[in-house]
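In what follows, a single structure is set out as structure tokens and then discussed.
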Amino acid sequence: MRLGLFIVFIFLFFVAKGQTQLDTLEGWWTMQDGQHYFEDQTTIKVKFVGEELWGMEDYYTAMVPQIGLPLQVIITATKKEDYLEVYTLTPSPEGCDD
């Protein structure tokens, strides 16, 4: 009986851990020295997740005339300890609030 409860507990733990809470955020996307950042009230490093986000350096360079200028974006992401895991990134159609 205890072994069964233990197995159920472990299963539920991994199911809960596997579900990721995604947040939709508006802010500024910048890149400096090959590192991507997201800025709203603070600045945080970004790690892109998923095949559709490969090649973001080229995309950023094409969207922004000079490296380092911010691009207004809407992202879906999950917060990790010291960075954001970004799953989608869309240029903001109306701009962002300052």
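Counting from 1, the numbers follow the sequence of the chain as shown.
With a 4.5 Å cut-off on side-chain heavy atoms, L22 and Y87 count as touching. Residues I44 and K79 form a side-chain contact, since some pair of their non-hydrogen atoms from C-beta on lies under 4.5 Å apart. In this structure, the side chains of F48 and E85 stay at 4.5 Å or more apart for every pair of heavy atoms. Here the side chains of M56 and H36 are in contact, with some heavy-atom distance below 4.5 Å.
In this structure, W29 is not a member of the same hydrophobic cluster as Y83, with clusters built from ILVMFWY side-chain heavy atoms closer than 4.5 Å.
Side chains of T24 and T76: a donor-acceptor N/O pair is absent below 3.5 angstrom, by distance only.
Looking at residues two or more places apart in sequence or on another chain, you find a side chain to side chain contact (heavy atoms under 4.5 Å, CB included) between T42 and D40. Taking the side chain to side chain contact (heavy atoms under 4.5 Å, CB included) definition, one finds that L25 meets it with D23, F38, I75, L84, sequence neighbours left out. With sequence neighbours left out, the side chain to side chain donor-acceptor pair (under 3.5 Å) criterion links Q35 to no other residue. Residues that satisfy the side chain to side chain contact (heavy atoms under 4.5 Å, CB included) test with D82, not counting sequence neighbours, are absent from this structure. Applying the side chain to side chain donor-acceptor pair (under 3.5 Å) criterion to T43, with sequence neighbours excluded, gives no partner residue.
Taking each heavy atom of T88 and V86 in turn, the nearest pair found is O-CG1, 3.3 Å. Between V73 and W28, the shortest heavy-atom contact is CG2-C, 4.4 Å.
To the nearest 0.5 Å, atoms OH (Y37) and CD (E39) are separated by 9.5 Å.
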